[in-house]
Amino acid sequence: MPEIDGPVAFVCAMPMELKPLTRRLGLRRAELGGGPARTGTVDGRPVVAIVTGMGTRLAAAGMARLLGAVTPVQVVVVGITGAVDDETPIGALVLPERVIDHATGREHEHYLLGPGEQRGALWTTDVITPAADLPALRARGVVALDMETAAVALACEERGVPWTVFRAVSDRATDGTVDDEVFHLSRQDGTPDPRAVARYLVRHPARIPGLVRMARGAGLATARAADAAIAAVRAAS
């Protein structure tokens with residue numbers, strides 16, 4: 001990364017994805033562009049971090065807030081992703097060669113920050129992808145699904161800001177664990193909806209072990225993604 005005054009900007013969709021970054025870097029609460037943020041440093045280089053909320057619309061709005069307030073030297077997307085096969089281990093790091101926007105078909109070439117082997121495509125979509133669609137996605141080289149990266153990439157490319165993404169696998173789209181009902185256990189801002197969770201547990205008590213496994217997978221994935229992102233920023237500084 002060039003030696004200029006702009007900060008590195010970490011961008012997460014959900015508060016749970018920001019927590020490992022906050023703990024590891026000692027980030028402090030701050031205000032940025034009229035909304036909440038975190039600030040700190042990585043080896044003396046200034047960093048900011050924001051949570052956008054889930055989905056492309058909120059990701060685009062969050063990027064508008066970020067880029068309206070600062071010009072980052074590098075945007076780093078950090079978070080979880082869903083694998084499109086049965087073999088990828090939970091917690092595995094996903095470093096795609098490109099990112100594809102499901103809604104528009106636009107493809108964004110991914111320039112990885114720091115060392116690592118890139119593979120396949122990350123598919124950004126606002127809808128739950130049915131299992132029947134997965135073989136066609138795998139045939140296109142898609143290795144994982146998310147809901148924000150293409151929107152972040154577009155916002156950065158329009159401003160000429162470099163971007164990169166570090167996501168780790170928290171679940172598998174093939175097992176059907178994340179359906180529309182499970183997805184709506186969280187609000188759009190990425191925080192849990194306690195009432196929705198309570199209703200879900202009353203209706204589906206047998207699924208509690210599955211939710212526990214999902215939570216553990218998400219915890220592992222957020223930690224792996226944060227560690228990889230921090231290491232890449234340090235290697236590039």
Side-chain angles (χ1 to χ4, degrees), residues 7-30 32 35-40 42 47-63 65-66 72 74-83 88 90-96 99 110 112-114 122-126 144-153 155-156 163-173 177-178 182-193 197 211 213-233:
V8 174
F10 292 110
V11 176
C12 303
M14 299 181 286
M16 64 175 289
E17 296 169 328
L18 180 59
K19 283 182 179 179
L21 291 169
T22 299
R23 289 196 299 266
R24 285 155 172 74
L25 299 177
L27 301 181
R28 303 175 299 277
R29 294 184 186 274
L32 185 72
R38 296 273 182 167
T39 61
V42 175
V47 302
V48 298
I50 66 166
V51 172
T52 64
M54 299 188 298
T56 56
R57 182 182 64 82
L58 291 181
M63 288 303 297
R65 174 167 71 91
L66 171 70
Q74 178 80 45
V75 167
V76 184
V77 181
V78 185
I80 62 175
T81 186
T88 303
I90 301 299
L93 196 63
V94 173
L95 304 174
V99 176
H110 178 215
L112 180 64
L113 182 67
L122 181 64
W123 182 261
T124 296
T125 177
D126 285 315
L145 312 172
D146 88 320
M147 300 183 68
E148 298 84 24
T149 303
V152 175
C156 288
W163 64 275
T164 191
V165 56
F166 293 90
R167 290 191 179 273
V169 172
S170 62
D171 60 272
R172 301 184 183 93
T177 53
V178 182
V182 169
F183 174 74
H184 284 97
L185 297 182
S186 295
R187 304 182 181 96
Q188 282 298 102
D189 65 2
T191 60
D193 184 336
V197 172
L211 291 179
R213 286 193 298 272
M214 284 179 57
R216 289 174 178 166
L220 175 62
T222 55
R224 291 273 175 85
D227 287 340
I230 294 168
V233 170

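The chain is numbered in sequence order, starting from 1. Below, all heavy atoms of this structure are taken into account, side chains as well, without hydrogens, waters or symmetry copies.
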- How many angstroms lie between atom CZ of R38 and atom CZ of R29, to the nearest 0.5 angstrom? 4.0 Å

- If only atom types and distance count, is the side chain of R224 paired as donor or acceptor with the main-chain N or O of G91 below 3.5 Å? yes

- For T164, what residues pass the side-chain hydrogen bond (donor to acceptor under 3.5 Å, both in side chains) criterion, not counting sequence neighbours? H110

- Task: Kindly compute the distance separating CG (L145) from CD1 (I80), expressed to the nearest 0.5 Å.
- Result: 11.5 Å

- In this structure, CG of L113 is separated from CH2 of W163 (nearest 0.5 Å) by 12.0 Å

- Message: Ignoring hydrogens, what is the shortest heavy-atom contact between R65 and V51? Give both atom names and the distance.
- Response: NH2-O, 3.9 Å

- What distance do F10 atom CZ and L66 atom CG have between them, rounded to the nearest 0.5 Å? 12.5 Å

- Does T22 have any side-chain hydrogen bond (donor to acceptor under 3.5 Å, both in side chains) partners at least two apart in sequence or in another chain, and if so, which? none

- Task: Name all residues meeting the side-chain hydrogen bond (donor to acceptor under 3.5 Å, both in side chains) criterion together with T81; count only those two or more places apart in sequence or in a different chain, and write none if there are none.
- Result: none

- Message: According to side-chain contact (heavy atoms from CB on, under 4.5 Å), who are the partners of A59, at least two apart in sequence or on a separate chain?
- Response: T52, E148, A151, V152

- Taking atom CZ of R167 and atom CD of E17, what is their separation to the nearest 0.5 Å? 5.5 Å

- Query: To the nearest 0.5 Å, how far apart are CG in L25 and OG1 in T39?
  - Reply: 11.0 Å

- Query: Can you list every salt bridge (charged side-chain N to carboxylate O under 4.0 Å, His left out) pair that touches residues 50-63, not counting sequence neighbours?
  - Reply: none

- In chain order, what residues pass the side-chain hydrogen bond (donor to acceptor under 3.5 Å, both in side chains) check against T124, with sequence neighbours excluded? D146

